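Side chains included, hydrogens not; waters and symmetry mates left out as well; all remaining heavy atoms used. Treat the numbers as computed from the prediction; the structure is a model and nothing was measured.
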Amino acid sequence: MFKHITLLAVLTGLLFSCGGRAAVKEEERNIYIMTGFREPADTGLRFIYSRDGYNWTDLGPSTFLRPEVGTQKVMRDPSIVVGPDGTFHLVWTSSWRDDSGIGYAWSKDLVNWSEQRHIVLMDHDTTFKNTWAPELFYDEDRNEFSIAWSSASPNHFDGTQRQYYTITKDFQDFTPAALFYDPGYNSIDGAVMKRGEGDYVLAVKDNRKPGYSNLHLAFGPTPVGPWSDETESFGPEYSEGPTWVQVDDGWLIYYDAYREYRYGAHFTNDFQNFTDVSNQISVPKNHKHGTAFRITESQLEYLIQAADSIRSRGGPIIKTEP
């Protein structure tokens, strides 16, 4: 069972859970929302939102879920997707090191969250010591979720990061970890979007340092590859955490230019040419990377009211129970 903030939260939560995704028309999902975190990374889940995809507003100092699982119990790289029943599924990096799993929780309204679970993904080989930046994707054609992440082992790829994936339908049973993307060098932070039928695009970080550490795209026939035909790199050196935002005339690829302590974005409408539009965006200071998705106006209003309630109580967290 869940603890709710107010009677309004209960009523709105019922609206969310009873309506489900099928009751929400795609055109009604006109609000962009992006998950994120701030340093130190143990403070929890944050949201920013936008009505045009360029200018973003912080929901304030409130955090909506404090990490409770993992070796270091942090919440970095939070990734959310919406399932076919309207449930929001969240995964995150739960530790920097000495952790073969990730954090997971689900919610019907982005405010009241299930009990957190630690999902072990790399226990087949104890030489892997990290499980970084899990990225969720929901495959509507197959009615399944994929999770891609990065791990490194001194026994594989000279100890450098490669990306792996698993598939699940229910977040209870998972396929064995398999190689997701291997460009022949250290890479992390892969974010997938569907361009068309049997046509998927991966935005990913080249993690070689120094002189690289920027982004490029690759293309594949499924949400888990195989990936090929890499584009030229774009974005500044030391940029990471790409996420996709579709706007009227194309796509914005947002990223965290972490050495410069700012957010940046490149625009593309052909997935081959990229225009730096960082001077056209506005992202709240100190926002660290997550993923972008869409919600309705009423869902946003509920989040704003919940943030105000959390703030007025002086507590940052909505408590969770099993």
Side-chain angles (χ1 to χ4, degrees), residues 34 36 53-54 76-77 79 93 130 132-137 146-152 156-165 178-196 198-247 249-260 262-281 283 288-293:
M34 192 186 302
Y54 286 84
R76 303 181 63 87
D77 322 300
S79 175
T93 305
N130 68 298
W132 286 353
E135 187 80 16
L136 273 171
F137 183 86
S146 59
I147 310 173
W149 70 91
S150 300
S151 292
H156 303 274
F157 303 111
D158 297 322
T160 59
Q161 305 287 337
R162 291 298 188 275
Q163 294 180 63
Y164 300 84
Y165 77 93
L179 195 62
F180 176 73
Y181 181 58
D182 174 21
Y185 51 79
N186 190 333
S187 74
I188 63 173
D189 290 1
V192 177
M193 57 81 63
K194 184 177 182 180
R195 182 167 56 168
D199 183 9
Y200 298 84
V201 187
L202 173 70
V204 63
K205 178 186 178 183
D206 178 343
N207 201 43
R208 292 175 288 180
K209 302 173 183 177
Y212 296 92
S213 298
N214 44 24
L215 309 174
H216 64 270
L217 305 185
F219 305 89
T222 77
V224 295
W227 305 104
S228 61
D229 300 323
E230 284 85 352
T231 66
E232 295 294 322
S233 62
F234 61 91
E237 188 178 358
Y238 299 110
S239 53
E240 64 184 12
T243 192
W244 298 89
V245 171
Q246 186 174 16
V247 291
D249 51 350
W251 291 85
L252 296 173
I253 306 173
Y254 276 88
Y255 50 84
D256 186 347
Y258 60 96
R259 284 286 184 93
E260 302 175 27
R262 67 173 178 87
Y263 242 75
H266 273 62
F267 171 83
T268 184
N269 57 15
D270 61 5
F271 303 94
Q272 295 294 329
N273 298 285
F274 309 95
T275 302
D276 188 349
V277 294
S278 299
N279 61 351
Q280 300 177 36
I281 67 170
V283 175
K288 300 293 293 182
H289 52 275
T291 56
F293 56 103

Worksheet entry | For Ser187, side chain to side chain donor-acceptor pair (under 3.5 Å) partners two or more places apart | Gln163
Item to complete: Mind running side-chain hydrogen bond (donor to acceptor under 3.5 Å, both in side chains) on Asp158 and Thr160 for me, showing each step along the way?
Response: CA-CA 6 Å; Asp158 297 322; Thr160 59; over 6 Å; no
So do the side chains of [X] and [Y] get within less than 4.5 Å of each other, counting heavy atoms only?
| X | Y | answer |
| --- | --- | --- |
| Asn130 | Gln161 | yes |
| Asn186 | Phe157 | no |
| Leu202 | Phe219 | no |
| Asp77 | Trp149 | no |
| Phe271 | Thr231 | no |
| Tyr263 | His289 | yes |
| Glu135 | Val192 | no |

Discussion item. Filter on salt bridge (charged side-chain N to carboxylate O under 4.0 Å, His left out), then keep only pairs touching residues 249-258, sequence neighbours left out; what's left?
Written reply: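 Pairs touching residues 249-258 that pass the test: Asp256-Lys288.
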Fill in: Residue pairs involving residues 201-223 (criterion salt bridge (charged side-chain N to carboxylate O under 4.0 Å, His left out); sequence neighbours excluded)
Lys205-Glu240, Asp206-Arg208
Is the ring pair [X]/[Y] parallel, tilted or perpendicular, if the boundaries are 30 and 60 degrees?
| X | Y | value |
| --- | --- | --- |
| Tyr238 | Tyr258 | perpendicular |
| Tyr255 | His266 | tilted |
| Tyr185 | His216 | perpendicular |

For the residue pair [X] and [Y], what are the closest heavy atoms and their distance?
| X | Y | result |
| --- | --- | --- |
| Val224 | Ser146 | CG1-CB, 3.8 Å |
| Ala203 | Pro242 | O-CG, 3.6 Å |
| Gly290 | Thr243 | O-CB, 3.8 Å |
| Ser278 | Gly264 | OG-CA, 3.3 Å |

Under 3.5 Å, side chain of [X] to main-chain N/O of [Y], donor-acceptor pair present?
| X | Y | answer |
| --- | --- | --- |
| Asp189 | Gly241 | yes |
| Thr93 | Ala133 | yes |
| Trp251 | Trp244 | no |
| Ser79 | Leu136 | yes |
| Glu237 | Ser213 | no |

Discussion item. Atom OH of residue position Tyr212 - does it have more than 12 heavy atoms of other residues, nucleotides or ligands inside 6.0 Å?
Written reply: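 Open.
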Worksheet item: When you look at CD of Glu232, are more than 12 heavy atoms from neighbouring residues, nucleotides or ligands closer to it than 6.0 Å?
Response: no
So, taking the atom named [atom1] in [X] and the one named [atom2] in [Y], what distance separates them when rounded to the nearest 0.5 Å?
| X | Y | atom1 | atom2 | result |
| --- | --- | --- | --- | --- |
| Thr291 | Tyr254 | OG1 | OH | 14.0 Å |
| Tyr181 | Ser228 | OH | OG | 9.0 Å |
| Thr268 | Leu217 | OG1 | CG | 7.0 Å |
| Leu252 | Phe274 | CG | CZ | 12.5 Å |
| Arg195 | Tyr200 | CZ | OH | 12.0 Å |

Worksheet item: Quick check, are the ring centers of Trp227 and Phe180 under 6.0 angstrom apart?
Response: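 Yes, the ring of Trp227 comes within the 6.0 Å limit of the ring of Phe180, centre to centre.
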